[in-house]
Amino acid sequence: MMIIAPILVGLVYVVLMSLIHEPHRRRFNAVMVAGAGAAYLSGGGLGIWEFAFTAVVTYVAYRGLESWTFIGIAWLLHTGWDVVHHLKGAPIIPFAEHSSFGCAICDPVIAIWCFTGGRSVTDFVRTRVVFRRARSTVQ
């Protein structure tokens with residue numbers, strides 16, 4: 001369950017973000033990953049490195065305002081930072097010991113979606129259903 005639940009969280013994130021229309025979806029996701037990059041600032045346990053990481057992710061997220069690829073890169077950077085925190089730092093949720101591990105599983109799911117261009121899965125499903133209905137009425 002420690003692996004399945006974070007994957008499901010990533011998939012739910014993708015579905016919910018698909019409800020936002022472009023270009024707002026890309027910009028909103030750039031802001032989200034910038035916020036995720038600052039998640040450990042208040043107690044991640046890695047001192048000055050928390051600020052350095054936040055600066056790097058903020059820059060990459062800024063580039064993500066115009067590029068899904070940069071948003072995907074930022075999510076993968078956050079994945080790496082989650083792994084570091086799971087092994088050496090404090091968890092992202094202080095009272096949940098394995099929360100950084102879960103985040104490290106969830107983030108690549110989101111990154112993969114970003115690398116495919118952050119396409120709307122809800123639009124894809126809607127189009128497929130309408131296309132199938134149209135095909136079945138023609139036959």
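Only this structure's heavy atoms are used, side chains among them; waters, hydrogens and symmetry mates stay out.
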Are Val56 and Ile73 connected in the hydrophobic side-chain network, where two residues link if heavy atoms are under 4.5 Å apart?
yes
Checking Val57 against Phe53 for the side-chain contact (heavy atoms from CB on, under 4.5 Å) test, could you report, in this order, the C-alpha distance in whole Å, the side-chain angles of both residues, the deciding distance, and whether it holds?
CA-CA 6 Å; Val57 169; Phe53 175 76; 3.1 Å; yes
Nearest heavy-atom neighbours spanning Gly72 and Ala111:
O-CB, 3.7 Å
Run the side-chain contact (heavy atoms from CB on, under 4.5 Å) check on Tyr13 and Asp107 step by step: do they pass?
CA-CA 10 Å; Tyr13 178 90; Asp107 293 351; over 6 Å; no
Under a single-linkage definition using a 4.5 Å side-chain heavy-atom cutoff for Ile, Leu, Val, Met, Phe, Trp and Tyr, are Val12 and Ile105 assigned to the same hydrophobic cluster?
no
What pair of heavy atoms forms the shortest contact from Pro108 to Thr79, and how long is it?
CD-OG1, 3.5 Å
If you round to the nearest 0.5 Å, how far is CZ of Arg26 from CH2 of Trp68?
7.5 Å
Separation of Leu46 CG from His85 NE2 (nearest 0.5 Å)
4.0 Å
When you look at CD1 of Ile4, are more than 12 heavy atoms from neighbouring residues, nucleotides or ligands closer to it than 6.0 Å?
no
Step through the shown structure and confirm whether more than 12 heavy atoms of other residues, nucleotides or ligands are within 6.0 Å of CZ on Arg25.
yes
Do Ser18 side-chain atoms and Ser120 backbone N/O form a donor-acceptor pair below 3.5 Å?
no
Can you tell me how far the OG1 atom of Thr58 sits from the CZ atom of Arg63, to the nearest 0.5 Å?
14.5 Å
Looking at Gly102 and Pro6, what are the two nearest heavy atoms and their distance?
O-CB, 3.2 Å
Decide side-chain contact (heavy atoms from CB on, under 4.5 Å) for Val84 and Tyr40; before the verdict, give the C-alpha distance in whole Å, the side-chain angles of both, and the deciding distance to 0.1 Å.
CA-CA 11 Å; Val84 169; Tyr40 289 106; over 6 Å; no
Taking C-beta and beyond as the side chain, do Ile93 and Phe95 meet within less than 4.5 Å on heavy atoms?
yes
Spacing of Ser100 atom OG and Lys88 atom NZ [to the nearest 0.5 Å]:
14.5 Å
Check against side-chain contact (heavy atoms from CB on, under 4.5 Å), Trp75 and Phe115:
CA-CA 10 Å; Trp75 279 116; Phe115 288 132; over 6 Å; no
Measure across Ala34 and Ala61 and return the closest heavy-atom pair with its distance rounded to 0.1 Å.
CB-CB, 3.7 Å
Of the non-hydrogen atoms in Thr54 and Gly37, which two are nearest, and what is the gap between them?
OG1-O, 3.2 Å
Is Thr122 close to Val125 at the side-chain level, that is, under 4.5 Å between some pair of heavy atoms?
no
What is the distance from atom CD1 of Ile3 to atom CZ of Phe101, rounded to the nearest 0.5 Å?
5.0 Å
Find out if a path of hydrophobic residues (ILVMFWY) with successive side-chain heavy-atom gaps under 4.5 Å connects Met32 to Leu11.
no
Is the count of non-hydrogen atoms from other residues, nucleotides or ligands lying under 6.0 Å from Glu97 atom CD greater than 12?
no
Do Trp113 and Val33 land in one hydrophobic cluster if side-chain heavy atoms of ILVMFWY residues count as linked below 4.5 Å?
yes
Using distance alone, with no hydrogens and no angle criterion, decide if His86 and Asp82 have a side-chain donor and acceptor under 3.5 Å apart.
no
Same hydrophobic cluster for Met2 and Val109, using side-chain heavy-atom links shorter than 4.5 Å among ILVMFWY?
yes
What distance do Asn29 atom CG and Cys114 atom SG have between them, rounded to the nearest 0.5 Å?
5.5 Å
